[in-house]
Amino acid sequence: MAIACPDCGEDQSIPVLVENTVAECRRCGRLLDQFNESGLSVALAWSWASLLLLLPANLLPLMQVSIGHDRRAGYISSGVHALVAEHWPLLALMFAAFTIVFPFLYVGLITTVLTTLHLGYRPKWVGRLFRYAHQIRLWAMPDVLVLAGMVVFMRTQVQMQSHIEAGGWCLISASVLLILMPHSFAGHRVWRLIAPDLPEPRNESSLSCDVCNLILPLSMEQKRCPRCRRRLYLRKPNALNRTAALVAASYVLYFPAYYYPMSTTVQPNGVQQYTIMQGIRQLVNAGYWELAVIIFTASVLIPMLKLIGLSWLYMSVRYPSNRALVLRTHLARIIHRIGRWSNTDPFIAALMVPMISFHGIANVHLGKAALPFALVVTLTMLASRSFDTRLMWDAAEARS
Ligand SMILES: [Zn+2]
Ligand SMILES: [Zn+2]
């Protein structure tokens, strides 16, 4: 059956796969489909397990920090409360969305879709729900929260006693399942179960749905995809202008994000303000090399790579060339996937503020950099989402 590569737009037909085989795009190398032995029943069991684990992860404390007999328990929700109390409502909203709302929504949608298919039903709405799950997957960030929590855990151990609590273990388990789960239904299988692929239209140009990769006649443009109900366009509308605007806004916010302090600590020996770079230097000085490398990668390297990379991708459509097309397509995929990990630093701050609140001994407050930094992360994620890699291939083709 025919399928269109979502990254380079090449129409190609792939056979039904047998054990230990994958189908990759013949032009750009993107994984199009893969055979999975374990089947959907495993994915279904995992999605139910992660849904059930998310509940205690949200209701029970993630960790506990104590100085002497004075204890503070940290919940996911205490991060939201602390951000509101520190007068950062937008940050509180983003933190709640990424760590509570979207994880529940994503797992809930996947579980509903897989359960429905498993029971043998194919209702009309199931394609739409699977599309929503596909679209919010990168915005559900329990795994990023786990990384932030681990950094907080190691940092607090310097001066205090800290323990991971039941909620923390549930969050870690749910995140591991969520990282592994897409592999069990990767590729194209669920879409084919929802509705089969169609043969490539004859005597007419075609377009493909950029979510479920269904190939349809070009006359369907601006109508809804029959499988996932996504509005169909030959290429994402206004992709270049939207990407340029989002990248430009990110450049503007990039400077305050690194210039202002990310956090302020109040201790008996004085008030210390830490910018992102000063925070990393402090970790190096304290001998926490591994943490310094993690934070440097998530907070400095990835945002820089994203901004430079997105600018390069944009320019390569404006000034097309055939060189390194596959490499550029790979780069776009990497940027799209890794961007979310930059939220580690804002999440660390959101977890530290409510827990490190020992009056007169140690207090942590959020600095001015937190909002611009979190906005840079979100805007560049939106930019990579609105960019259409197929435009680079079109431009190169038109030139040659
Ligand atoms: Zn391709
Ligand atoms: Zn579709």
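In each ligand, atom 1 is the first atom listed, and ligand 1 is the first ligand listed.
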* Determine whether the side chains of His330 and Arg333 contain a donor N or O and an acceptor N or O closer than 3.5 Å. => yes

* To do: Verify the distance criterion only: is there a donor paired with an acceptor across the side chains of Ser384 and His336 at less than 3.5 Å?
  =>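 Yes, because at least one side-chain N or O of Ser384 sits under 3.5 Å from a partner of the opposite role on His336.
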
* To do: Classify the ring geometry between Phe347 and Phe98 as parallel (under 30°), tilted (30 to 60°) or perpendicular (over 60°).
  => tilted

* **Step-by-step side chain to side chain contact (heavy atoms under 4.5 Å, CB included) determination, Cys5 to Gln12** => CA-CA 8 Å; Cys5 172; Gln12 46 214 297; 3.7 Å; yes

* To do: Report, rounded to 10°, the angle at the Zn ion (ligand 1) between the two atoms SG (Cys25) and SG (Cys28).
  => 110°

* How wide is the angle at the Zn ion (ligand 1) between SG of Cys5 and SG of Cys8, to the nearest 10°? ->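 So the angle at the metal works out to 110°.
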
* Structure fact -> The SG(Cys209)-the Zn ion (ligand 2)-SG(Cys228) angle, to 10°, is 100°

